[in-house]
Undergrad: 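Take a look at this one; I'll ask things after.
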Amino acid sequence: MKGPEDLIKRHLYGLGFDIVGIASLLDFPSPDVRERVLRWVEEGRAAGMDWFAESLELRFDPDKLLPGAASAIVVALGYGRRRVNPSLPISRYATRRDYHRVFRGLLRKFVRWAERNLGGRYRIFSDSAPILERELAVRAGLGWIGKSSLLITPEFGPNVLLGGVLTDLLLIPDSPFPYDRCGTCDRCVRACPTGAILPNRSVDANRCISYWTVEYRGEEFPPGVDTHGWIFGCDVCTDVCPWTGRSPSLANPHLRAKEERFRDISPRDFLRMDEEEFRRRFAGTPVMRAGLAGMRRNVKAALKDPP
Ligand code: B12
Ligand code: SF4
Ligand code: SF4
């Protein structure tokens with residue numbers, strides 16, 4: 001007879017996820033990961049992301065998110081190495097459907113099924129809840145933390161987005177991913193245009209282009225910030241990773257729906273369009289996070305310093 005772990009995985013693969021794994025929440029996070037995260041915050045590496053420091057207590061205690069949480073079911077969707085529009089300096093993941101919505105939609109279906117068939121309680125996460133997602137993914141056997149600090153999977157390289165559910169079911173976990181397959185490679189560290197990747201496999205957000213173009217809310221960038229031509233996110237550390245070369249060209253079909261929105265657009269178009277057109281075109285895609293004002297700020301900075 002199949003155990004609940006097999007049923008869960010079969011159901012999630014059936015919904016279209018690319019990778020599925022189960023992690024135990026016993027001693028999560030481990031003291032060394034806790035220490036890493038605390039140091040990252042104390043050294044000011046989170047830049048202006050105050051929400052990160054403010055939610056540390058929750059990040060360190062899944063029980064606060066779901067009382068009795070015993071296991072995490074971690075899922076990944078591959079976002080493909082193909083650029084929809086090679087002359088548009090928007091990171092690949094952002095020229096797809098907004099992954100938060102995709103994860104939420106699919107995981108809600110999963111939870112409905114699980115509640116009916118397995119019992120237990122569930123709490124969905126995909127950037128939406130304060131969880132250390134990459135650490136959970138390593139525990140669930142999906143891949144390893146690369147020098148870029150990203151989770152690298154053998155099948156999709158770093159080009160995966162993560163989500164999952166916490167549950168109070170005590171499931172048999174998968175084995176944590178046992179290898180570091182970066183070896184002597186350090187392409188991401190050398191290629192990062194701003195030197196944001198630190199020697200301890202973490203990223204200083206103060207220097208990361210993705211932070212400035214996606215998360216920063218100011219009207220203008222402070223002097224000295226150079227986004228190297230990117231107008232939303234940055235793909236340099238994922239593009240150069242040798243594991244990207246082996247990963248599928250196309251994104252998971254669930255993410256592909258909005259790709260055509262980015263096909264015939266140039267950075268200057270963001271300076272011309274009004275709010276209504278922006279919303280009509282990009283609703284349901286990650287660039288809504290920056291809003292039109294944020295995209296304009298990013299484009300103006302990029303035009304001063306084209307790639
Ligand atoms: C804050 C944040 C950012 C910040 C800070 C990035 C960072 N590296 O921390 C900014 C805005 C810069 C950012 C950028 C990007 N992000 Co981001 N981001 C997050 C977020 C919300 C939290 C990350 C976090 O906890 N950072 C805190 C610090 C302390 O983490 P850390 O130092 O790397 O340590 C962690 C691991 O390395 C790990 N670790 C565990 N054991 C060990 C052992 C050893 C030996 C080592 C070395 C490490 C290690 O433990 C720590 C806790 O998880 C997550 C979603 C989530 N809730 O997890 C997404 C997330 C990490 N981002 C994601 C993506 C896609 C990106 C971008 C690629 C987007 C883009 N194209 O522009 C870039 C990549 C930049 C990079 N190289 O990291 C994906 C990554 C998927 C993946 N394959 O790993 C995530 C998981 C979102 C998601 N749901 O899919 N991001
Ligand atoms: S996203 Fe860009 S700026 Fe940030 S660490 Fe990667 S290469 Fe560096
Ligand atoms: S580019 Fe090389 S060092 Fe960086 S994550 Fe990929 S394999 Fe590891």
Side-chain angles (χ1 to χ4, degrees), residues 19 28-30 32-43 45-49 51-53 55-56 58-60 74-79 90-95 99-100 103 125-139 142-153 156-164 176-177 180-216 226-228 230 232-246 286 289:
I19 324 180
F28 180 84
S30 63
D32 55 318
V33 167
R34 214 184 151 93
E35 178 56 35
R36 263 180 77 77
V37 178
L38 274 177
R39 210 175 333 122
W40 191 76
V41 171
E42 279 162 16
E43 288 172 357
R45 308 293 187 194
M49 293 180 288
W51 49 266
F52 189 90
S55 59
L56 270 189
L58 296 174
R59 275 171 217 272
F60 289 162
V74 185
V75 290
L77 289 172
Y79 62 85
I90 293 184
S91 54
R92 280 173 281 124
Y93 88 91
T95 57
Y99 67 94
H100 304 91
F103 276 102
F125 62 87
S126 173
D127 264 359
S128 50
I131 303 256
L132 300 169
E133 290 174 351
R134 286 169 293 174
E135 173 59 4
L136 279 182
V138 175
R139 275 203 184 201
L142 270 62
W144 73 101
I145 303 288
K147 289 180 190 164
S148 60
S149 98
L150 292 170
L151 178 89
I152 318 290
T153 65
F156 298 87
N159 309 298
V160 286
L161 299 161
L162 299 172
F177 196 83
D180 169 5
R181 293 205 178 147
C182 286
T184 55
C185 173
D186 63 353
R187 285 194 204 174
C188 52
V189 181
R190 283 187 288 119
C192 173
T194 55
I197 303 175
L198 305 173
N200 67 350
R201 301 193 184 206
S202 70
V203 164
D204 184 352
N206 298 288
R207 287 190 247 168
C208 180
I209 294 166
S210 187
Y211 166 72
W212 289 108
T213 55
V214 178
E215 298 295 335
Y216 179 67
D226 184 350
T227 51
H228 292 262
W230 289 93
F232 190 87
C234 164
D235 279 338
V236 175
C237 56
T238 49
D239 275 347
V240 299
C241 182
W243 294 89
T244 290
R246 304 181 191 194
R289 185 162 174 84

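All ligand and atom numbering here is 1-based and tracks the order in the structure. Computed from a predicted structure; not experimentally measured.
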Undergrad: Which residue and non-hydrogen atom of the protein lie closest to atom 4 (Fe) of ligand 2, and at what distance in Å?
TA: C208 SG, 2.4 Å
Undergrad: My understanding is that only one of D235, D239, T238, N159 makes a side chain to side chain donor-acceptor pair (under 3.5 Å) with T244; could you say which?
TA: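 Testing each of D235, D239, T238, N159 against T244, the sole residue satisfying side chain to side chain donor-acceptor pair (under 3.5 Å) is N159.
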Undergrad: Please state which protein non-hydrogen atom is closest to atom 2 (Fe) of ligand 2 and give its distance, to 0.1 Å?
TA: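 Minimum-distance protein heavy atom for atom 2 (Fe) of ligand 2 reads C234 SG, 2.3 Å.
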Undergrad: Of all the heavy-atom pairs spanning Y211 and G48, show the shortest one and how long it is.
TA: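 Here Y211 and G48 meet closest at OH-N, 3.0 Å.
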Undergrad: When you compare the side chains of D226 and T194, does any donor N or O come within less than 3.5 Å of an acceptor on the partner?
TA: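 Side chains of D226 and T194: no pair found under 3.5 Å.
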Undergrad: Can a salt bridge be assigned to the pair D127 and R289 using a cut-off of 4.0 Å between side-chain N and carboxylate O?
TA: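 Looking at R289 together with D127, the answer is no, because their closest N to O distance does not fall below 4.0 Å.
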Undergrad: So which of D204, I209, V236, V203 gets nearest to atom 3 (S) of ligand 2, if we judge by its closest heavy atom?
TA: I209
Undergrad: Before you tell me yes or no, could you show the steps for R201 and C182 under side chain to side chain contact (heavy atoms under 4.5 Å, CB included), namely the whole-Å CA-CA distance, both residues' side-chain angles and the distance that decides it to 0.1 Å?
TA: CA-CA 11 Å; R201 301 193 184 206; C182 286; 4.2 Å; yes
Undergrad: Which is it for W51 and E215 under the side chain to side chain contact (heavy atoms under 4.5 Å, CB included) test, yes or no, and what are the steps along the way?
TA: CA-CA 11 Å; W51 49 266; E215 298 295 335; 3.9 Å; yes
Undergrad: I'd like to know whether T153 forms a side chain to side chain contact (heavy atoms under 4.5 Å, CB included) with F177, so could you lay out the CA-CA distance, the side-chain angles of the two residues, the decisive distance to 0.1 Å, and finally the verdict.
TA: CA-CA 9 Å; T153 65; F177 196 83; over 6 Å; no
Undergrad: Identify, for atom 8 (Fe) of ligand 2, the protein heavy atom at the shortest distance, and state residue, atom and that distance.
TA: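 The closest one turns out to be C192 SG, 2.3 Å.
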Undergrad: Check each heavy atom of D235 against ligand 2 and say whether those closer than 4.0 Å belong to the side chain, the backbone, both or neither.
TA: neither
Undergrad: I197 and side chain to side chain contact (heavy atoms under 4.5 Å, CB included): which partner among V236, V203, D204, L150?
TA: V203
Undergrad: Side chains of S202 and R39: donor-acceptor distance under 3.5 Å anywhere?
TA: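 There is no such pair (donor and acceptor under 3.5 Å, judged by atom type) between the side chains of S202 and R39.
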Undergrad: Can you list the protein N, O or S atoms less than 2.8 Å from atom 8 (Fe) of ligand 3?
TA: C182 SG
Undergrad: Do the side chains of L142 and L162 get nearer than 4.5 Å, heavy atoms only?
TA: yes
Undergrad: What does the list of residues with a heavy atom under 4.0 Å from ligand 1 look like, ordered by chain and number?
TA: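 Within 4.0 Å of ligand 1, the protein residues are V33, R36, V37, W40, M49, F52, R59, S91, Y93, Y99, D127, I131, L132, E133, R134, E135, I145, S148, S149, L150, L151, P158, V160, L161, L162, N200, R201, S202, V203, C208, S210, Y211, E215, G233, C234, D235, C237.
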Undergrad: Is the NZ or CZ atom of R92 both under 6.0 Å from the centre of the six-membered ring of Y79 and within 45° of that ring's axis?
TA: no
Undergrad: Report the nearest protein non-hydrogen atom to atom 6 (Fe) of ligand 2: residue, atom name, distance rounded to 0.1 Å.
TA: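 Checked against all protein heavy atoms, atom 6 (Fe) of ligand 2 sits closest to C237 SG, 2.4 Å.
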Undergrad: Checking side chain to side chain contact (heavy atoms under 4.5 Å, CB included) for the pair L198/W40: CA distance, chi angles, key distance, verdict?
TA: CA-CA 11 Å; L198 305 173; W40 191 76; 5.5 Å; no
Undergrad: With side chains defined as the heavy atoms from C-beta onward, is the minimum distance between P242 and R187 less than 4.5 Å?
TA: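 With C-beta onward as the side chain, the pair touches.
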Undergrad: Among all protein heavy atoms, pick the one closest to atom 5 (S) of ligand 2 and tell me residue, atom and distance.
TA: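 Result for atom 5 (S) of ligand 2: I197 CG1, 3.7 Å.
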Undergrad: Pull out every atom of ligand 2 sitting under 4.0 Å from any heavy atom of T194, numbered as shown with elements.
TA: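 Answer, ordered by atom number: 3 (S).
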